[in-house]
J.: 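This is the structure, below, for whatever I ask next.
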2 protein chains.
Amino acid sequence: MSIESLIRAIPDFPLPGILFRDITPLLKDARGFRAAIDLFVDRYKGRDIGHVVGIEARGYMLGAPLAYGIGAGFIPVRKPGKLPYSKLSESYALEYGTNSLEIHADALGDGDRVIVIDDLLATGGTAAATRRLLERLGATIESFAFLIELEALKGRDALPDVEVVSFIKY
Amino acid sequence: MSIESLIRAIPDFPLPGILFRDITPLLKDARGFRAAIDLFVDRYKGRDIGHVVGIEARGYMLGAPLAYGIGAGFIPVRKPGKLPYSKLSESYALEYGTNSLEIHADALGDGDRVIVIDDLLATGGTAAATRRLLERLGATIESFAFLIELEALKGRDALPDVEVVSFIKY
C-alpha cells in the first residue's frame, strides 16, 4: 500500500498556478491513514517529547493521532480569533499581505520539548511563525514533522538549526 | 485523573453572555488527552464503523485520534472554501445569519457506516448540517459523538432517530 498513491494533485487550488496536494484520499483510507500516522509514531516514539504542536487545520488531523500514539499532549496553533484565553500572536507573509497564528500563553513553558507538525512544508512561513511562538514560551523544538515537502520552495531554509523531517518529497 | 477538571470555562467568548468550554488544557495534558480519546475508542471499538467524520476544527483534534484508535478512516467536514475537490455544501443558522459546511463529493458512498464527532453539542446546528451532507452521500450515521453536551440548548432534538453520545454534561 503506497501512501503517495493516495495523495491527489489538484491544479489551480487555492489560486491559479498552484498544484495543491490533497491528502483527503489518504485520510479516508483506513489502512493508508494508519500507515501515515505510524510513519510519524515510529519516527518519534521513545524520544523525550511532551507535546505535539499542530498547525491549523490539517496539522490537527495528523498531529492529534501522533500525540495519542506516542503518549504526548496536543497543542493547537490556531488562526486569529479562535483561541479563547490569553495568547501570543506571530505574523507571517503571504503572497499578498500577511496573516498570523496564535497560541495560548499557558500552552507551554521552559523545558518543554515538542514536535511541530503540519501536512506540508512549502515556503516554511507558518512553521517559522510557529517556531517564534514556541520560543517566546520557552519551549524547545525537538523536530519539525511534515508528511509532504515541496523541495523547490526551500522551506527548510526558513527552519535553520533544527531537525526537519518529511516523508514524501516533490 | 478527572477529565472534567481539565476543561476550562471562559466567560463571554466568543460573544458576550456565552460561557465557552475550553478543552485546550485537557488536550495538552498527555494523560488527560489519552483518557479522553479512550472514552471514545472504548465506546466504539468492535462496532462496524468504516470512517470517523470530524467537524472543523476541534472535531479533528478528537476525531483523527479516534479514527486511528479504532482503525477507521478519517473524513473532515470543513468550513467553506477549504476543500479543493468537487464538494457538497449545507447551510446552518447562526445567531445572526447563516454559515455552511462542506464535504468532498467522493468522501463516502452508499453503505458506508460512520461516526460524526465534535467537541461540544450545543444547539446541534452544525451536527444536523453534517447529517444532511452525509445522507446526501448515502452514508449511514452509526452515532454522533461529543465530549461535552450543553443540555439546556437541547441539541439532541436537532438529531432525531440516531444515537447521540456525550461524556460530560453541563
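Per chain, numbering begins at 1; letters A, B, ... match sequence-line order.
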J.: Treating Ile, Leu, Val, Met, Phe, Trp and Tyr as nodes and any side-chain heavy-atom pair under 4.5 angstrom as an edge, say whether A:Phe146 and A:Phe167 lie in one connected cluster.
T.: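 The answer is no; the residues belong to distinct hydrophobic clusters.
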J.: So with a 6.0 Å cut-off around NZ of A:Lys154, is the heavy-atom count from everything else above 12?
T.: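 No - once you tally the heavy atoms of other residues, nucleotides and ligands closer than 6.0 Å, there are 12 at most.
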J.: Membership question, hydrophobic clusters at under 4.5 Å side-chain separation (ILVMFWY): are A:Ile103 and A:Ile117 in the same one?
T.: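 No.
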J.: Between atom CG of B:Asp112 and atom NZ of A:Lys28, what is the distance when rounded to the nearest 0.5 Å?
T.: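 That separation rounds to 8.0 Å.
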J.: Cluster question for you: counting only ILVMFWY and a side-chain heavy-atom cut-off of under 4.5 Å, with indirect links fine, are A:Leu101 and A:Leu134 together?
T.: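 Both belong to a single hydrophobic cluster.
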J.: Hey, which residues of residues 51-86 of chain A are touching chain B, say heavy atoms under 4.5 Å apart?
T.: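 Residues A:His51, A:Glu56, A:Ala57, A:Arg58, A:Tyr60, A:Met61, A:Ala64, A:Pro65, A:Ala67, A:Tyr68, A:Gly69, A:Gly71, A:Ala72, A:Gly73, A:Phe74, A:Ile75, A:Pro76, A:Arg78, A:Lys79, A:Gly81, A:Lys82, A:Leu83, A:Pro84, A:Tyr85 are the ones that qualify, each having a heavy atom under 4.5 Å from chain B.
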J.: Is A:Arg8 paired with B:Asp106 through a side-chain N to carboxylate O contact shorter than 4.0 Å?
T.: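 Salt bridge present between B:Asp106 and A:Arg8.
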J.: According to a 4.5 Å side-chain heavy-atom criterion applied to Ile, Leu, Val, Met, Phe, Trp and Tyr, with indirect links allowed, do A:Leu159 and A:Leu120 form part of one hydrophobic cluster?
T.: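 In one cluster: no.
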J.: Determine, using the 4.5 Å side-chain heavy-atom cutoff (strictly less than), whether A:Leu153 and A:Ile168 are members of one ILVMFWY cluster.
T.: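 Linked within one cluster.
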J.: Examine whether an atom of A:Val41 lies under 4.5 Å from a heavy atom of chain B, and if so say whether it belongs to the side chain, the backbone or both; otherwise answer neither.
T.: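 Side chain only.
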